[in-house]
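Positions are given from 1 along the sequence.
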Amino acid sequence: LAAGLSPTQRRAVDDKFAAEPTEAGLTLTYRSPNRLGAFYVALARRVARHYGERAEITIADGTLDGPFCVFEVVLAKLSAIPVKEDVHVG
C-alpha cells in the first residue's frame with residue numbers, strides 16, 4: 001500500500017495497515033483516527049470486481065466506522081453472467 005512514498009510517509013501507512021495471509025485469503029487490520037474502514041472495504045470490493053472476482057468480506061473485530069477494524073477477505077470468481085455496476089451518479 002505504501003509503494004512510491006517517502007520513508008516517513010511509508011511508516012504512517014504501515015502504522016495504519018497490517019495484512020496477514022490466511023488459508024482462505026487475507027486478514028487486514030486497519031487502525032486510524034480517520035475511521036475509513038468502510039471506504040477500504042468498498043475499495044477492496046471494487047478492485048476485486050475490476051479483476052473479475054468478488055471480495056467476500058467479514059468483519060472479524062471492531063467496526064467499519066471506528067478507529068479499529070479487522071476484516072477477512074476471501075476472493076471468489078464472478079460468474080460468467082455480467083454484473084450490473086452498483087455505481088450511481090446523481
Side-chain angles (χ1 to χ4, degrees):
L1 292 172
L5 299 178
S6 72
T8 301
Q9 292 169 323
R10 186 173 298 215
R11 278 189 297 280
V13 170
D14 288 344
D15 289 345
K16 290 182 182 184
F17 296 96
E20 293 291 327
T22 65
E23 285 186 34
L26 187 67
T27 297
L28 296 170
T29 302
Y30 170 73
R31 289 184 178 88
S32 174
N34 296 330
R35 301 173 182 252
L36 296 174
F39 169 77
Y40 289 109
V41 166
L43 180 63
R45 286 185 174 135
R46 185 61 187 103
V47 169
R49 181 176 287 177
H50 177 78
Y51 287 101
E53 297 181 315
R54 180 180 66 247
E56 298 174 358
I57 299 174
T58 304
I59 307 308
D61 197 5
T63 61
L64 290 178
D65 60 352
F68 169 78
C69 184
V70 176
F71 44 99
E72 297 171 354
V73 181
V74 176
L75 297 176
K77 288 287 184 193
L78 288 174
S79 66
I81 300 170
V83 176
K84 181 181 175 185
E85 293 294 327
D86 57 350
V87 176
H88 303 281
V89 178

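Shown here are the side-chain contact (heavy atoms from CB on, under 4.5 Å) partners of Ala38, two or more places apart in sequence or in another chain: Leu64. With sequence neighbours left out, Glu53 forms a side-chain hydrogen bond (donor to acceptor under 3.5 Å, both in side chains) with no residue at all. Residues passing the side-chain hydrogen bond (donor to acceptor under 3.5 Å, both in side chains) test with Asp65 are Thr63, sequence neighbours excluded. Evaluation of the side-chain hydrogen bond (donor to acceptor under 3.5 Å, both in side chains) rule for Thr58 yields no partner, not counting sequence neighbours.
Put simply, CG on Leu28 and CD1 on Ile57 are 8.5 Å apart, with the number rounded to the nearest 0.5 Å. Atom CZ of Arg54 is separated from atom CZ of Arg45 by 10.5 Å, given to the nearest 0.5 angstrom.
Aromatic ring orientation, Phe17 versus Tyr40: perpendicular (interplanar angle above 60°, classes split at 30° and 60°).
Clustering of Ile, Leu, Val, Met, Phe, Trp and Tyr side chains at separations under 4.5 Å places Phe68 together with Val70.
Listed here is the closest heavy atom pair of Ala44 and Ala55: O-CB, 4.1 Å.
Note on Val74 and Tyr30: separate hydrophobic clusters, where clusters join Ile, Leu, Val, Met, Phe, Trp and Tyr whose side-chain heavy atoms are under 4.5 Å apart, directly or indirectly.
Identified under the salt bridge (Lys or Arg N to Asp or Glu O under 4.0 Å) test for residues 15-34, with sequence neighbours left out: none.
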